[in-house]
Structure formats: structure tokens, C-alpha cells
Enquirer: 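Attaching a single structure in C-alpha cells format; questions to follow.
Chain letters run A, B, ... following the sequence lines, proteins first, then strands; residues in each count from 1. These figures come from a predicted structure and were not determined experimentally.
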Amino acid sequence: MSKRFYITTAIDYPNGSPHIGHAYEKMCADAIARFKRLDGFDVFFLSGTDEHGQKVQRNAEKQGITPKEFVDGLSAQFRAMGEAFDLSYDRFIRTTDEDHTHACQALWKRMEEKGDIYLSKYAGWYSVRDEAFYDEAETTLQPDGTRLGGQGTPVEWVEEETYFFRLSAYQDKLLALYDSGNFIAPQTRRNEVVSFVKGGLQDLSISRTTFDWGIPVPGNDKHVMYVWIDALTNYITGAGYPDLDGPRGKYWPADVHIIGKDITRFHAVYWPAFLMSAGVAVPKQVFGHGFVLFKGEKMSKSLGNVQDPFELVKRFGADQLRYFFMREIPFGQDGSFTEEAIINRVNADLANDLGNLAQRSLSMVNKNCDAKVPAKGALSDEDRALLDAAYALPAEARTAMGDYALHGVLNAIWKVVGDTNRYFAAQAPWALRKTDPQRMESVLWVTAEVLRVIGIMTQPFIPGAAPKLLDLLAVAEEKRLMAHAESSHALVPGVELPAPQGLFPRIVVEAGEGA
RNA sequence: GGCAGUGUAGCUCAGCUGGUUAGAGCGUGGCACUCAUAAUGCCAAGGUCGGUGGUUCGAGCCCACUCACUGCUACCA
């Protein structure tokens, strides 16, 4: 009975090309998924695109193509982004996938059987221009008798037949859920949701008749399911719902939904209520991460500062961006980036600290130890202290990962990288080469062994370079799990090593290029 | 307006249930070394811990007030 771990990201709405914010969420979730695999879990990692809705339908019409053709093109871009950032999805789900329709309709029927869905009318002040309903309090009555919405656009009274979900019946159960553990993280998001739910819940409109690009409501084709039923259900579609006894059913309930903080409510209120209604287990946790800002400002089309993830990868590299964002931004908080910050961080941590450490030590091994794992002599206190720090990493990392503190994991690892550089300088193996070659070998062995542990531990974050580092140390493919990051799997002296190669080139800013 | 949160070195942040000289990384200045990707190491400067007033033998950490900033306050996602 192996340990299982099911992690999802939000599915993206493809009404435009992906931006770096989409990539950020996915790379963080990917690092978590990879970390759990590294730690011996049977992981299922789900991401995808949310493809229905009025906006897609309209955009497709504008281009004179079908909605499906429209989303096919954009969904492909999101999938390409996954490849560009080395994302290890186990499935890339699309809400236009056949099994998803089946899952949504099954969920709907269960909720209906429970008596939680009823047909009624949704009425309110609607702004055609904003495509949004406004609360009466948000509107203002003009002298000429017309009424304007929150954005200053005209609104009209609209009544539409719609199905409602009896969300109001779930207030107490939801509050009990929030009370029982850490269903919502981080804490600040939890506070917001709790206060929202305590304020009282209204029933939720869950169908539309004004467009048809969506999943039909079972038994009433005039209606399609509205956003959240359709979108959220993807998480159980991924587990094979309604057949949770099938091959993937074992993954449900999900361990964590990684989402942007802006959609916390939908995941922490509506979603568990739907599931409770349908008699399906609720996910274990919803984690709302922060936003990535560019130079401290939100990125938007109007500001013209949207950062293209593909361009960034081309310029800096996938490992570099992954490392930067996960190290620099405490996971859960907002964070800002600039090209200069990326260059500084990448050069300092990856090129200078880790890359150069590997290079300086392994090139000595190559030249002075016959290109073999050096001989390990009696260990000094300094050797012992450094090795202990390295071997302590798995436990420290697991602790930090318990709160999905990706930055904390990297912090701990790079503390050891720093320790190793200090150790290397203090032991000065280049001097020992002349005075005490045996001791030199020991120092090089300790350094290489620590690099082995670092290589193992960094795999979730820099999945391109970490395996290369392990290759340089001739670590077998099957000995690269976290369980191997201990002394019983240490490097064996005498094993042949390949010639060292640079792991991370320094990023050089060309003259005249602003950073 | 209501609720919640944040404010600690130039920058980004740690600071456990209050307890000797408030920490890290980056940046800055100086020195050392030469194995290495002009990389690394050492040393140093630098903060009245937003402000005021309390509680306490003692507060960055507790209380009150105050200033600034942020988020949430339902059906665009």
C-alpha cells in the first residue's frame, strides 16, 4: 500500500495566450508533485484548460470559427507552456473532453437527487456591456430614469430561468469543515472565507440559457451548466468520477488544489458544498497562492507589461525561472520580479554558488583523482558537520513542504550549498594537494557526497540541471530518490566519473541592455 | 463603513510560548585566496524593530490608541 498524492492546479480559461502568472502556478504545483514523487509517493498531477462559456463562444464567432476550433488552438498553447517549463503533468484535462461531460452530468444528477437543485428565476440588473449582474446597491438611478451599473454602463432588469443550487443549506457544514483542520491555506485566505461564509450564503445560480457552449443540463437541453460546476468538476473527472472505484479513483480525495488566491472562494465554498451534496469526499486542502507582479505592478494588457512565459524561458531558461520564482517568492504571498532580480538571483545562487561549487570541486577530482570518486579517509569534525547538515535536508524539506513552503525548502538546501563553499575554502584542497594528498581526497569526497545529496534534493525545482549534476557524480538513475539522500547510499570511492561540465552559465547583460 | 492582515538593516524577508551584544540572503566598502563559471572565503559599515502611551524585573514579540499599506465584503473568471 503505497502513499498516494493527488495534486491539481486551476484549469486555465483560454480566452487569450498564457502569461507568466499561469506558468507560476503550474511550476509551483509541479515542484510539489515532483517532490512527492521523490519522496516515494504515488503521485497524480492534474492540470488543464477550462474551455466552455460565453466568452469563448463569442470570441470564436468573431473569428468565424467554431468554439472547439478556437479552444483547440489556445489549449495547445497552454500545453506547450507545460513543456517549456518542464511540467510533469500526469494528465492535461480539457473540459471539452468526453469523460468530463459525463462526470459533470453525473455530479449534477446526484445533487439533484439530493434535492439541492431547483428551477427558478434569476433576476437582477444586468449590464450587457460588462456582461455582469449588479447588486441594486451598486447601481445608480439617473435623473432621466435610466440606471447605471458599477462601471458606469447602462443596466437593465433581466429575468432568466435558471437552476439554483441550495448553497444556503451548507453554511454550517462548511464552517465545520473549516474548523476541523487546515482545509484552506494560507491562514489569511482561510480568515477571508470564514468571514464570508459566516455572513450567510445565498443559493447559487448554476445554469444559463443565454448561450449553449457548455455542458447540457441532464433532462433540460435549454440549459448549460454555468462555470463552476463545469470547471471545478474537472478535479474528480481526473480521478475517474463517477467511477471512483476505477483505476484512478484511489487518488480521490485530492490532497491539495493549488489555485490563485482570487478563486479561493469558489474552491473553498462552492466546491466542497457541491461534493457534500453529491456524497463525494471533499478535498483535503485548497491552497491559494499569491500573484506575480512585474516591477511591483500587476500585469495587464492595458498597461502593456504582460510578460510572455515563452520569451522568458528563451531568455533565462526553465530551471532558472523555476528556481527564481520559487526561491524568491514565499509561496502563498504576492511577489514582484524584474529582469535584474532574475539575473542577480540566478547568477548568485545557481551559477556562482551551486554551479561553481560543482565545477571547482569536480574539476579537482578530474585532474587529481584520476577522474574517479576520491578516497574517503577518516572524517574530521568539519567533514562530519557538513555531511550531517546535508543528510538532515530530507527531514527539513519535508517539514517545510508540509506547508508547501517551497521557498523554505530551497532556503534549507542553499544553506548547505553555502556551508559547502565555506567548507571548501576552509579546507583548501588545492593546498592539501601538495602537503597531504590523502586528506585532499577526503575533502573532495565529502564535497562530492554533499553535492550528491544536493542533486537529489533539487530535482523537483530544477529538473533539467539536477539530473545532470547527478550524472556528473555517476549516480544511478534508480538511486536518486530522497530515500537515497543518506550515508548508506554514499558515493563509492573508485567509481569513474565523467568530465565535469558547467551546470548554469552566468547570465551576462550585454552592454546597452537595460535590466 | 465592517472584518482580517501587514509595517524589523539600501532591497527581500527570518525572528519559537516576552529574557544576555536583533539575524540571513542580496547590495555596499575593505582584505585574502587562486581549485573554480572574474567564481569563492574572511572582515566591516548599516536598524531608536511605523509612531505614542502602557503592563512587566525585562517587549521586536503582550495591551490601548495612532499613522501607512494590503486583502475580503457573492455569482467576469
Enquirer: Just to be sure I understand the rule, does Asn352(A) reach a base, reach only the sugar-phosphate, or reach nothing, if contact means heavy atoms closer than 4.0 Å?
Expert: sugar-phosphate

Enquirer: Rounding to an integer number of angstrom, what distance separates rA36(B) and rA68(B) when you compare their C1' atoms?
Expert: 48 Å

Enquirer: Could you tell me whether Asp334(A) contacts a base, only the sugar-phosphate backbone, or nothing, with contacts defined as non-hydrogen atoms closer than 4.0 Å?
Expert: nothing

Enquirer: Both Asp353(A) and Glu328(A) contact RNA chain B. Which one's nearest nucleotide lies toward the 5' end?
Expert: Glu328(A)

Enquirer: Taking a pair as Watson-Crick or G-U wobble with both distances under 3.5 Å, which nucleotide is matched to rG25(B)?
Expert: rC11(B)

Enquirer: Pairing check on rG41(B): which nucleotide meets the Watson-Crick or G-U wobble criteria with it, both distances under 3.5 Å?
Expert: rC31(B)

Enquirer: If we take the C1' atom in both rA9(B) and rU48(B), what is their distance in whole Å?
Expert: 13 Å

Enquirer: Looking at the angle O4'-C1'-N9-C4 for a purine or O4'-C1'-N1-C2 for a pyrimidine, is rG46(B) syn or anti, with syn meaning within 90° of 0?
Expert: syn

Enquirer: Counting only side-chain heavy atoms from C-beta out, which of rA77(B), rU37(B), rC75(B) sits nearest to Gln202(A)?
Expert: rC75(B)

Enquirer: Taking any heavy-atom pair under 4.0 Å as a contact, classify Leu503(A): base, sugar-phosphate, or nothing.
Expert: base

Enquirer: Return the nucleotide paired to rC16(B): Watson-Crick means purine N1 to pyrimidine N3 with N6-O4 or O6-N4, wobble means G-U with N1-O2 and O6-N3, both under 3.5 Å.
Expert: none

Enquirer: Tell me which nucleotide, if any, is Watson-Crick or G-U wobble paired with rG60(B) when both distances must be under 3.5 Å.
Expert: none

Enquirer: Could you check which nucleotide pairs with rC3(B) in any of the strands shown, counting Watson-Crick or G-U wobble with both distances under 3.5 Å?
Expert: rG71(B)

